[in-house]
Amino acid sequence: MPLSLRLSIADTLTLGNATCGFMAVYFTTTGILIPHLTGSQESGMARNSAATAVILMLCAAVFDLFDGLVARKLRSSPMGAELDNLSDLISFGLAPAYFVLVYGMVADDAYQRVATVGAVVVLLAVVLRLARFSCVTVKDGTFQGMPSPFGALTVVSIILLELPFVATLLAILGTAWLMVSRVEYPKPRGRLAVAMLSWIVLSMGLLAAWAFDAPSGQLLLQTGCALQLVMGAVIPLFATARRVNNFRGNRREARAAQLP
């Protein structure tokens, strides 16, 4: 095959990301939307399908985390960057936006048309974020705006919290704004990458406990979702603190250079 069409190991992981995103849409449709439309929805089946869909988004985030690490350690094909953006659009744009759309159709207190607007905003925020990421150079070690995997997981966490509709919509719109904002988020490298992977595994466990109706499963899931929202607000503080420390360090070096 031509060199430009050969897939590297990192590209294969990226395709796993896209597959997980598509399957998340599939389970949201077959396990939540179609039973609701046909009047045969069972709460247990809907809960299992919702948990499966979110777990698949978490798996997509794991693939997205490792494809970058593998690409830096080994190599990526000339298609690597494009494959990554397209896969992220499916898993962290389409899948969570569709989750919001279905929520607006099946939730008792939701307004379908308003929820549709929220879903479109989420999708467009991810599209704009990925486009900006491709053409804007930022400081090494940081993202400009909330990363799309983190944003997608925050959006679905808001829905799983089962807040009142207005509060849910406002929180979703706020997350979409963070994705296209200039708020800095640190890139998951080193210990932060390990912490992120540990959080994803823990989240999968919480979702499984909720899906199988384990004791206190609902409480554990809502606690995890609340922590996801808190992290979305707190993590940028680490990048801000690092920037402040660098600024202070540069000032100290400048003063030391001026001393005789």
Side-chain angles (χ1 to χ4, degrees), residues 13-33 46-68 83-104 106 115 118-127 129-130 133 143 145-162 168 171-172 175-176 178-179 185 188 193 195-212 220-222 224-229 231-232 235:
L13 294 175
T14 304
L15 294 178
N17 172 5
T19 302
C20 288
F22 175 78
M23 293 306 296
V25 173
Y26 169 80
F27 277 100
T28 303
T29 302
T30 58
I32 304 175
L33 180 59
R47 186 169 60 246
N48 289 337
S49 298
T52 302
V54 179
I55 287 175
L56 284 165
M57 293 184 214
L58 289 165
C59 290
V62 173
F63 280 119
D64 185 63
L65 178 65
F66 278 103
D67 68 0
L83 285 175
D84 190 56
N85 276 348
L86 292 171
S87 298
D88 286 355
L89 180 59
I90 296 171
S91 299
F92 312 124
L94 175 62
Y98 187 70
F99 202 81
V100 173
L101 179 67
V102 173
Y103 157 75
V106 303
V120 171
V121 170
V122 170
L123 179 63
L124 293 181
V126 175
V127 170
R129 170 172 173 71
L130 293 175
F133 179 77
F143 289 115
M146 180 182 284
S148 53
F150 200 86
L153 298 178
T154 303
V155 166
V156 297
S157 295
I158 293 168
I159 295 175
L160 293 176
L161 271 174
E162 298 182 355
T168 298
I172 289 172
T175 303
L178 280 173
M179 284 193 279
Y185 282 76
M196 187 63 66
L197 182 61
S198 301
W199 173 247
I200 290 174
V201 173
L202 176 61
S203 299
M204 290 181 180
L206 295 176
L207 285 161
W210 175 65
F212 291 105
L220 289 172
L221 178 68
Q222 291 185 337
C225 291
L227 287 174
Q228 175 73 27
L229 270 64
M231 286 193 298
I235 285 179

Practice task
Quick one: do Leu130 and Asp84 satisfy side chain to side chain contact (heavy atoms under 4.5 Å, CB included)? Show the steps, please.
Solution key: CA-CA 10 Å; Leu130 293 175; Asp84 190 56; over 6 Å; no
Fill in the blank from the handout: Output for pair (Thr14 OG1, Asp67 CG), nearest 0.5 Å, gives 3.5 Å
Problem - Contact check, side chains of Glu162 and Gln222, non-hydrogen atoms, under 4.5 Å - result: yes
Problem - 4.5 Å side-chain heavy-atom contact, Phe27 and Leu56 - result: yes
Handout entry: Gly118 to Ile172 - nearest heavy-atom pair and separation
Key = O-CG2, 4.4 Å
Name every donor-acceptor pair, under 3.5 Å, that has one atom in a side chain of residues 147-154 and the other anywhere in the protein, sequence neighbours excluded.
{"unit_1": "Thr154", "atom_1": "OG1", "unit_2": "Phe150", "atom_2": "O", "d": "2.7"}
{"unit_1": "Thr154", "atom_1": "OG1", "unit_2": "Gln228", "atom_2": "NE2", "d": "3.2"}

Practice task
Could you tell me the separation between the CE atom of Met179 and the CZ atom of Phe133, rounded to the nearest 0.5 Å?
Solution key: 15.0 Å
Handout entry: Stepwise side chain to side chain contact (heavy atoms under 4.5 Å, CB included) test for Ile158 and Thr175
Key = CA-CA 10 Å; Ile158 293 168; Thr175 303; 3.5 Å; yes
Validation: residues 88-99 side-chain donor-acceptor distances under 3.5 Å, sequence neighbours left out:
{"unit_1": "Asp88", "atom_1": "OD1", "unit_2": "Asn17", "atom_2": "ND2", "d": "3.0"}
{"unit_1": "Ser91", "atom_1": "OG", "unit_2": "Asn17", "atom_2": "O", "d": "2.6"}
{"unit_1": "Ser91", "atom_1": "OG", "unit_2": "Asn17", "atom_2": "OD1", "d": "2.7"}
{"unit_1": "Ser91", "atom_1": "OG", "unit_2": "Gly21", "atom_2": "N", "d": "3.3"}
{"unit_1": "Ser91", "atom_1": "OG", "unit_2": "Ser87", "atom_2": "O", "d": "3.4"}
{"unit_1": "Tyr98", "atom_1": "OH", "unit_2": "Thr29", "atom_2": "OG1", "d": "2.6"}

Exercise for the section: Test side chain to side chain contact (heavy atoms under 4.5 Å, CB included) on Phe66 and Leu197 and set out the steps. Expected result: CA-CA 10 Å; Phe66 278 103; Leu197 182 61; 3.9 Å; yes
Handout entry: Check: Leu124 main-chain N/O paired with Arg129 side-chain donor or acceptor under 3.5 Å
Key = no
Practice task
Working to the nearest 0.5 Å, report the span between OG of Ser203 and CG of Leu160.
Solution key: 10.5 Å
Exercise for the section: Report the distance from atom OG1 of Thr28 to atom CG of Leu101, rounding to the nearest 0.5 Å. Expected result: 10.5 Å
Fill in the blank from the handout: Of all heavy-atom pairs linking Val121 and Ala176, the shortest is CG1-CB, 3.7 Å
Exercise for the section: Calculate, to the nearest 0.5 Å, the distance between atoms CD1 and SG belonging to Ile200 and Cys59 respectively. Expected result: 9.0 Å
Problem - Validation row: Leu15, Phe63 side chains within 4.5 angstrom (heavy atoms) - result: no
Exercise for the section: Taking the side chain as every heavy atom from C-beta outward, state whether Met204 and Trp199 have any pair of such atoms under 4.5 Å apart. Expected result: no
Problem - Minimum side-chain heavy-atom gap Ser157-Leu229 below 4.5 Å - result: yes
Problem - Reference residue Met57; test side chain to side chain contact (heavy atoms under 4.5 Å, CB included); the match among Val156, Val25, Val155 - result: Val156
Practice task
Using modelled atom types only, decide if a donor and an acceptor are shared between the side chain of Tyr26 and the backbone of Ala53 within a distance under 3.5 Å.
Solution key: no
Exercise for the section: Indicate yes or no: at least one non-hydrogen side-chain atom of Leu207 is less than 4.5 angstrom from one of Leu58. Expected result: yes
